Visitor: 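Got a structure here, written out as structure tokens. Questions coming.
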Amino acid sequence: MILFIPPRRAAVIALAAVIALPATLCAQATTPSAQTPSQQDLARVSPAGNYLAARHAGTERDAVSASAYYRAALRADPKNPVLLERAFLSVLVDGEIDEAVKLAERMVQFDKTHRVARLVLGVKALKQKQYQAARQQIAQSVRGPIADLTATLITAWTMQGTNEVKAAVDNIDRLTGPEWYAIFKDLHAGLILDLAGNKKEAGKRLERVYKLDGNALRAVEAYAHWASRNLGKDEALKIYEAFDKVLPQHPLVVEAMDEIKDGEKLDPLVESPQAGAAEVLFGLGTSLGRQGGEDLALAYLQLAIYLAPDHPLALMSLADLYESIKKPALAIKIYQRVPSDSPLRRNADIQLATNLDSIDRTDEAKKILEKLIADRSGDLEAITALGNIQRVRKDFADCADTYGKAAATLKNPQKSNWLVFYFRGICNERSKQWVAAETDFKRALDLFPEQPHVLNYLGYSWIDQGINLDEGMTMIRRAVEQRPDDGYIVDSLGWAYYRIKNYDEAMKQLERAVELKPEDPTINDHLGDAYWKIGRTLEAQFQWAHARDLKPEPDDLKKIVEKIRTGLVDDAVPAETAKAKKPGDGG
């Protein structure tokens, strides 16, 4: 089967966190959001029913509903510590920080050292510039690897707020723990010293962070900002240019380089204790979110945005996290909050459009992308995003034209541009423009030799047409060698054997494909055809019935039902009835 694996979005926040946290630390906390049940809904449900509804909402990562149901249950049993904690955590993850503060105040009456409640109360005090109160709250929390680092760094920022800079840095330096602490410690010590005007010591710390990880955006930015004021224009540009080779054209980097070239000196990356604490929560939250700690990551990112509402990277990271947990409506709301004057606004709009399309607001999505393209005709990312929407929506003639516009922007295509030609090839093939499609697939392979999805698509297409059979089989085998556990590519190999009438080998490969992707209707359908061809008709009927029950596409369903009724009538039938799913089908 030829199945498209979606491309990664532009790496706007990919290197934003300073360091990736060990996966074992990423399992601490709560839940996400959708549509609040009405008061009538809540009134009709018993306390036990509200609790069960809240648990279900939490399982579905619907923090809006979970918080509403937990609070309804809590009203009936206000001294229940379990209900209180769950209501508190769901409210926090939903970003209702003022409400979370109220519940946190009740939480610490039951559990004086509750780490998240104390953190919330400390962050609230810090936002109000009550630095001593913030320290007291955080000092009372129970500790652990993440909590220790969080508490130490935020406490240091409260000390910066009371001009106790040396004590703040000493406090950070005294913290012992895992090796990965080092980069966080030096980054925040350097930022505190830079904000305080201690040029020499700030430079030592920030340079050390940069040398530890020169591919981390915030480490690069912090050091380059310092360098622009203390080492000069050329040194600052070198720092950014090295990063630009790893992640070209990052909007924040492009903006900073333009400012430096214009003779500007960049301010410290962090301008206040509140922004510093937000940076702590953003950095840790982003890392946690990438390694499976989504619930704690949501809480940290919500607190970061509470402290710094216009922090574009925190907003982008939160929206990205909502996408990863399949909450596009929530991602849309966050992308809309990215400031209009931020260099990241364009990237936010592209992702906003993608999410609008995912909830069937396709016309709105296209309008956003068309406006971006009209404003900047060479905007490769926006053009590609529009093409992706058209392709998934099966507007194949339009998407071929759109990807053509993307290809026209490429003066000197690089390996990473293979997707543009691959996608255009798909659209050309599906709109019956095979000569153009074949040219595109070959161009994609020129840019990225041995790319398994291109090998699979081109090889399968040849075999399906009965041309270049040996070369096509070789291509598909090479794709399977690279992706032996990809059920769709293994299915392509099995179906290729079927098309050349090697039914025994087809059955072997298709059985393997079904093991890898047991819930795919097309693969089950293919296996039924192979069984029929070798005389295992009862098993064929079973596979077709199973494929029917897996909800195939309407056109495929009709053909499967007919095969169940009559079997395979002649050799012409399978080529039309069980054709592999194409990338443009939305797979």
Side-chain angles (χ1 to χ4, degrees), residues 1-7 391 396 399-400 403 415 417-517 520 522-527 529-530 533 556 571 574-587:
M1 180 185 300
I2 311 172
L3 196 83
F4 162 60
I5 304 300
R391 175 175 47 79
F396 296 117
C399 74
Y403 289 126
K415 181 178 181 179
N417 301 131
W418 70 274
L419 276 168
V420 171
F421 296 95
Y422 176 55
F423 290 160
R424 187 171 67 175
I426 291 170
C427 296
N428 278 322
E429 187 268 341
R430 298 309 303 275
S431 57
K432 312 297 185 185
Q433 303 295 320
W434 171 246
V435 173
E438 185 179 44
T439 300
D440 282 329
F441 293 138
K442 289 179 177 179
R443 183 67 174 119
L445 286 175
D446 287 341
L447 295 171
F448 191 163
E450 299 301 301
Q451 210 296 320
H453 296 293
V454 185
L455 290 172
N456 177 51
Y457 205 120
L458 180 55
Y460 176 87
S461 296
W462 278 340
I463 290 170
D464 199 47
Q465 296 175 59
I467 61 174
N468 301 332
L469 298 182
D470 290 340
E471 189 176 357
M473 286 296 295
T474 299
M475 281 185 166
I476 297 174
R477 288 194 193 101
R478 294 206 309 265
V480 172
E481 285 172 5
Q482 294 183 65
R483 300 289 175 89
D485 296 327
D486 187 320
Y488 301 117
I489 293 180
V490 175
D491 175 75
S492 279
L493 181 59
W495 195 242
Y497 278 119
Y498 184 98
R499 297 288 288 129
I500 63 173
K501 304 185 187 304
N502 186 342
Y503 300 122
D504 288 330
E505 189 62 30
M507 179 196 70
K508 175 183 172 183
Q509 297 297 333
L510 292 169
E511 285 180 335
R512 168 72 175 145
V514 166
E515 287 178 7
L516 293 167
K517 288 288 180 184
D520 188 90
T522 303
I523 298 176
N524 281 277
D525 183 28
H526 285 177
L527 180 57
D529 290 357
K533 285 295 186 181
D556 293 334
D571 286 344
E576 297 302 322
T577 60
K579 200 165 187 177
K581 186 187 293 182
K582 298 285 188 175
D585 294 333

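Fair warning: this is a prediction, and the values are worked out from it, not measured in the lab.
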Visitor: To the nearest 0.5 Å, how far apart are CG in D440 and CZ in R424?
Guide: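 Spacing of CG (D440) from CZ (R424) equals 4.0 Å.
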Visitor: Taking the side chain as every heavy atom from C-beta outward, state whether W462 and E438 have any atom pair closer than 4.5 Å.
Guide: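 Counting from C-beta outward, W462 and E438 do come under 4.5 Å.
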Visitor: Are T522 and Y488 packed together at the side-chain level, in the sense that at least one heavy-atom pair is separated by less than 4.5 angstrom?
Guide: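 No, too far: nothing below the 4.5 Å cut-off.
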Visitor: Does the side chain of Y403 reach to within under 4.5 Å of the side chain of N428, using non-hydrogen atoms?
Guide: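 No; the side chains remain at least 4.5 Å from each other.
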Visitor: Using 0.5 Å steps for rounding, measure from the CH2 atom of W495 to the CD1 atom of I500.
Guide: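 Between atom CH2 of W495 and atom CD1 of I500 there are 12.5 Å.
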Visitor: Considering residues at least two apart in sequence or located in another chain, which fulfil the side chain to side chain contact (heavy atoms under 4.5 Å, CB included) criterion with A530?
Guide: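 Partners of A530 by the side chain to side chain contact (heavy atoms under 4.5 Å, CB included) criterion, ordered by chain and then number, come out as Y498, M507, L510.
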Visitor: Do you know the tightest heavy-atom contact between M473 and A496?
Guide: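 Looks like SD-CB, 3.4 Å.
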Visitor: Kindly indicate, with the supporting measurements, whether the criterion side-chain contact (heavy atoms from CB on, under 4.5 Å) is fulfilled by Q482 and L455.
Guide: CA-CA 11 Å; Q482 294 183 65; L455 290 172; 3.8 Å; yes
Visitor: Out of curiosity, S492 OG to R499 CZ, how far, rounded to the nearest 0.5 Å?
Guide: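 Going from OG on S492 over to CZ on R499, the span is 12.5 Å.
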Visitor: Could you list the residues that satisfy salt bridge (Lys or Arg N to Asp or Glu O under 4.0 Å) with D485, not counting sequence neighbours?
Guide: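 So D485 forms a salt bridge (Lys or Arg N to Asp or Glu O under 4.0 Å) with R512.
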Visitor: Could you work out, with side chain to side chain donor-acceptor pair (under 3.5 Å) as the rule, every residue matching W418, not counting sequence neighbours?
Guide: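 Partners of W418 under the side chain to side chain donor-acceptor pair (under 3.5 Å) test: none.
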Visitor: Between atom CG of N468 and atom OG1 of T474, what is the distance when rounded to the nearest 0.5 Å?
Guide: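 One finds 11.0 Å between CG of N468 and OG1 of T474.
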Visitor: Whether the side chain of D486 engages the backbone of I489 through a donor-acceptor N/O pair (distance < 3.5 Å, no angle test) should be reported.
Guide: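 Flag set: sc D486 to bb I489 pair under 3.5 Å.
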Visitor: Between A506 and G494, which heavy-atom pair has the shortest distance, and what is it?
Guide: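 Result for this residue pair: CB-O, 3.3 Å.
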Visitor: Applying ring pair (Phe, Tyr, Trp, His ring centres under 6.0 Å), can you list everything that pairs with F421, at least two apart in sequence or on another chain?
Guide: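 F421 satisfies ring pair (Phe, Tyr, Trp, His ring centres under 6.0 Å) with no other residue.
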Visitor: In chain order, what residues pass the side chain to side chain donor-acceptor pair (under 3.5 Å) check against E505, with sequence neighbours excluded?
Guide: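 Here the qualifying residues are Q509.
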Visitor: For Q433, what residues pass the side chain to side chain donor-acceptor pair (under 3.5 Å) criterion, not counting sequence neighbours?
Guide: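 Applying side chain to side chain donor-acceptor pair (under 3.5 Å) to Q433 gives none.
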Visitor: Pairs in or reaching into residues 443-459: which pass salt bridge (Lys or Arg N to Asp or Glu O under 4.0 Å), with residues at least two apart or in two chains?
Guide: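 As it turns out, the salt bridge (Lys or Arg N to Asp or Glu O under 4.0 Å) pairs with a partner in residues 443-459, which skip direct neighbours, are E450-R478.
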Visitor: To the nearest 0.5 Å, how far apart are CD1 in I463 and CG in L458?
Guide: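 Atom-to-atom, I463:CD1 and L458:CG are 10.0 Å apart.
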Visitor: Can you see which heavy atom on V454 is nearest to which on F441, and at what distance?
Guide: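 Heavy-atom minimum between the residues: CG1-O, 3.5 Å.
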Visitor: Check the angle between the aromatic planes of Y422 and Y457 and answer parallel, tilted or perpendicular using the 30° and 60° thresholds.
Guide: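 The arrangement is perpendicular - the two ring planes meet at more than 60°.
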Visitor: Would you name the heavy atoms of A479 and P452 that are closest together and state the gap between them?
Guide: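 The pair with the smallest heavy-atom distance is CB-O, 3.4 Å.
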Visitor: Could you measure the distance from the CD1 atom of I426 to the NE2 atom of H453? Nearest 0.5 Å is fine.
Guide: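 If we round to the nearest 0.5 Å, I426:CD1 and H453:NE2 are 10.0 Å apart.
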Visitor: Using the side chain to side chain donor-acceptor pair (under 3.5 Å) criterion, which residues pair with N524? Sequence neighbours excluded.
Guide: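 With sequence neighbours excluded, N524 shows a side chain to side chain donor-acceptor pair (under 3.5 Å) to Q543, given in chain and number order.
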Visitor: Which atoms form the tightest heavy-atom contact between P484 and L516, and what is the distance?
Guide: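 Smallest heavy-atom distance, with atoms named: O-CD1, 3.8 Å.
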Visitor: Kindly give the heavy-atom pair with the smallest separation between F396 and S431, and that separation in Å.
Guide: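 Heavy atoms of F396 and S431 come nearest at CB-CB, 4.0 Å.
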